[in-house]
Every structure is written in structure tokens, then in C-alpha cells.
Amino acid sequence: MSTVAELWALQTTDLAVEAARQRLTELEKQLGESAELQAARAATSEAQAELAQRRAAQQQVDQQVRSMTAQVRAAERDLLSGRVRNPRELEGMEANVAALHRRREGLEAEALALMLEIESWEAEVAARESQQADAVAAHAARQEAIKREAGQHLAQLKALTPRFNQQWEAISPPDRDLYKNLRSRKGGRALAREQRGACQACGLMLSTGAAQAVRNGSQRVFCPGCGRLLLAG
Ligand SMILES: [Zn+2]
């Protein structure tokens, strides 16, 4: 039969292995793109799309302004050429030139409004790109920290696993079964410490006789409250 202290040492290693594994699983989940970074990228693309849309509209309007300018010049040249002398026809041509001027002014106003919008979106894109760069840097630092911590836990596991195996081998087969059984039923903790007559896992006060038996090791005592094997604290 193994001693309670040997089983306690086994449990200590077992719990450390469990904790390291759990932390590694958590860290693994934290690797990869963060929601924050994804949101920053999306915000930048959105602003870039808005800007691109306005730049395309600006090109179109600029093209229309150039074409309208050419039409105004042609109509003005025609008017001044002296080709037409009929006053009513001349009046019509003048009205046409005036209308072309108004259309060009309208297009120029549109071009100016677009230019202002473009300036404001350019500033927005620059601000969002800078926020994204910050998010990328913060993310990279977090990933680095996660990898560093994972490395520490892996090193711990590497040291703990042979220790656990060695401790396990030293335990008698019936006690291995006892440990496994209690461990699975008692939330991973098969043993509990007894301190000042009380079980440290569930808080139950032991009878004087039971507390004494735990301390002098005359027999194994299981806590009547939680059922764990007790080790004198
Ligand atoms: Zn207990």
C-alpha cells in the first residue's frame, strides 16, 4: 500500500499537469485574428471604398465639365462668326449659350462639392489606417505574449509528465484505482488536507478520533463530508 503522502504528491503533480493543459487550450483559442483587428480592417476598407467612389465620380464630372466647356466655346464662336443675321435666330443662339453656361456652372459646383468630400474622406482614411496600424501592433504584441506563455507551459508539461509517470509507477495498483475513482468523482481532487480537525475541501469538522487517526497515520481516513482521502495538514 502506498502512503497518503505519496498519493498527495501524485495529486499535486496531476493538478499541475491539468492546469498547464487547460491554460494551453485557452491560449490556443486566443491565437489568430482578434475581433478588434477585424473591425479595424473593415473600417479602413469601408472608408477606402467611400473615397474611391467619390474619386470616380469626380473624374466623371471633370470629363463633363471639359465637354461642356468645348460646347460653350463652339456655340460662342458660332454666335460671333456673323454667319447668322436673323435677330430671332440670334436671340435663340444667345439663349442657348446662356443655358450652356448655366449647365457648366452647375457641373463646376458639383465638382467642388465632390472635392470637399474627397478631402474629408482622405482624412478619414488616414485616421482609420493609423488606427488599424495600432491594432495590428497591439495584436502582434498579444500574440507574442501568448506564444511566450504557451512556451512556458509546454516546458512545464515536459518536466511534469515524467515526474507524474514516475510517481504513478510507485503507487500500488489498488491505490491507483482508488485515486482514479476518487479523482473522477470528486472534481479532479481525490485527496484533501486536514487542518485543526477540519477537512479543507468541504469544511467538515472531524471527530477527535478521526482527526487523530489522520495525524498519526494509523489508518486511512476518508472525510465523512466529501469522501476524500485525508492527509494531515
Ligand atoms: Zn471533506
Side-chain angles (χ1 to χ4, degrees), residues 1-40 134-233:
M1 208 157 85
S2 318
T3 67
V4 176
E6 281 171 331
L7 284 165
W8 180 266
L10 176 77
Q11 171 170 281
T12 304
T13 311
D14 201 6
L15 288 173
V17 167
E18 186 66 25
R21 286 213 179 111
Q22 251 176 30
R23 187 66 189 141
L24 276 171
T25 308
E26 281 168 25
L27 291 171
E28 215 168 290
K29 282 187 204 145
Q30 290 172 24
L31 277 174
E33 287 270 275
S34 71
E36 243 178 301
L37 186 52
Q38 281 171 356
D134 289 349
V136 167
H139 180 71
R142 265 199 308 276
Q143 298 291 297
E144 200 45 53
I146 288 169
K147 283 179 193 158
R148 230 186 353 259
E149 194 192 331
Q152 286 165 0
H153 291 299
L154 280 171
Q156 246 180 341
L157 271 182
K158 216 175 146 188
L160 285 169
T161 306
R163 186 196 300 173
F164 179 83
N165 290 340
Q166 204 175 14
Q167 287 170 328
W168 184 253
E169 289 305 318
I171 303 289
S172 68
D175 281 343
R176 286 181 200 167
D177 289 342
L178 172 77
Y179 178 82
K180 275 199 284 196
N181 187 308
L182 278 174
R183 183 192 192 282
S184 73
R185 285 191 296 121
K186 304 293 170 188
R189 287 171 189 266
L191 291 87
R193 276 201 184 275
E194 170 278 328
Q195 266 170 353
R196 288 184 293 279
C199 167
Q200 295 303 294
C202 71
L204 187 94
M205 281 303 294
L206 304 167
S207 71
T208 317
Q212 264 170 7
V214 174
R215 275 180 230 139
N216 62 30
S218 58
Q219 64 182 84
R220 285 188 173 176
V221 180
F222 293 88
C223 171
C226 66
R228 293 186 175 88
L229 180 56
L230 292 167
L231 173 76

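Both ligands and their constituent atoms are indexed starting at 1 by order of listing.
The neighbour count for Glu36 CD, taken as heavy atoms of other residues, nucleotides or ligands under 6.0 Å away, does not exceed 12. Open room surrounds CD on Glu28; 12 or fewer heavy atoms of other groups in view lie less than 6.0 Å from it. Annotation: Glu26, atom CD; neighbour count of heavy atoms from other residues, nucleotides and ligands within 6.0 Å is above 12.
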Show every donor-acceptor pair shorter than 3.5 Å between a side-chain atom in residues 144-151 and any protein atom, with sequence neighbours excluded, or say none if there are none.
from: Glu149; atom 1: OE1; to: Arg23; atom 2: NH2; distance (Å): 3.2
from: Glu149; atom 1: OE2; to: Arg23; atom 2: NE; distance (Å): 2.7
from: Glu149; atom 1: OE2; to: His153; atom 2: NE2; distance (Å): 3.0

Under 3.5 Å, which donor-acceptor pairs link side chains of residues 220-233 to any protein atom two or more places apart or in another chain?
from: Arg220; atom 1: NH1; to: Asp175; atom 2: OD1; distance (Å): 2.8
from: Arg220; atom 1: NH2; to: Ser2; atom 2: O; distance (Å): 2.8
from: Arg220; atom 1: NH2; to: Asp175; atom 2: OD1; distance (Å): 3.4
from: Arg220; atom 1: NH2; to: Asp175; atom 2: OD2; distance (Å): 2.8
from: Arg228; atom 1: NE; to: Arg189; atom 2: O; distance (Å): 2.7
from: Arg228; atom 1: NH2; to: Lys186; atom 2: O; distance (Å): 2.9

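Every pair passing salt bridge (Lys or Arg N to Asp or Glu O under 4.0 Å) that includes a residue from residues 194-213 is listed here, sequence neighbours excluded: Glu194-Arg215.
Counting only distances under 2.8 Å, and ignoring water, the protein N, O or S atoms around the Zn ion (ligand 1) are Cys199 SG, Cys202 SG, Cys223 SG, Cys226 SG.
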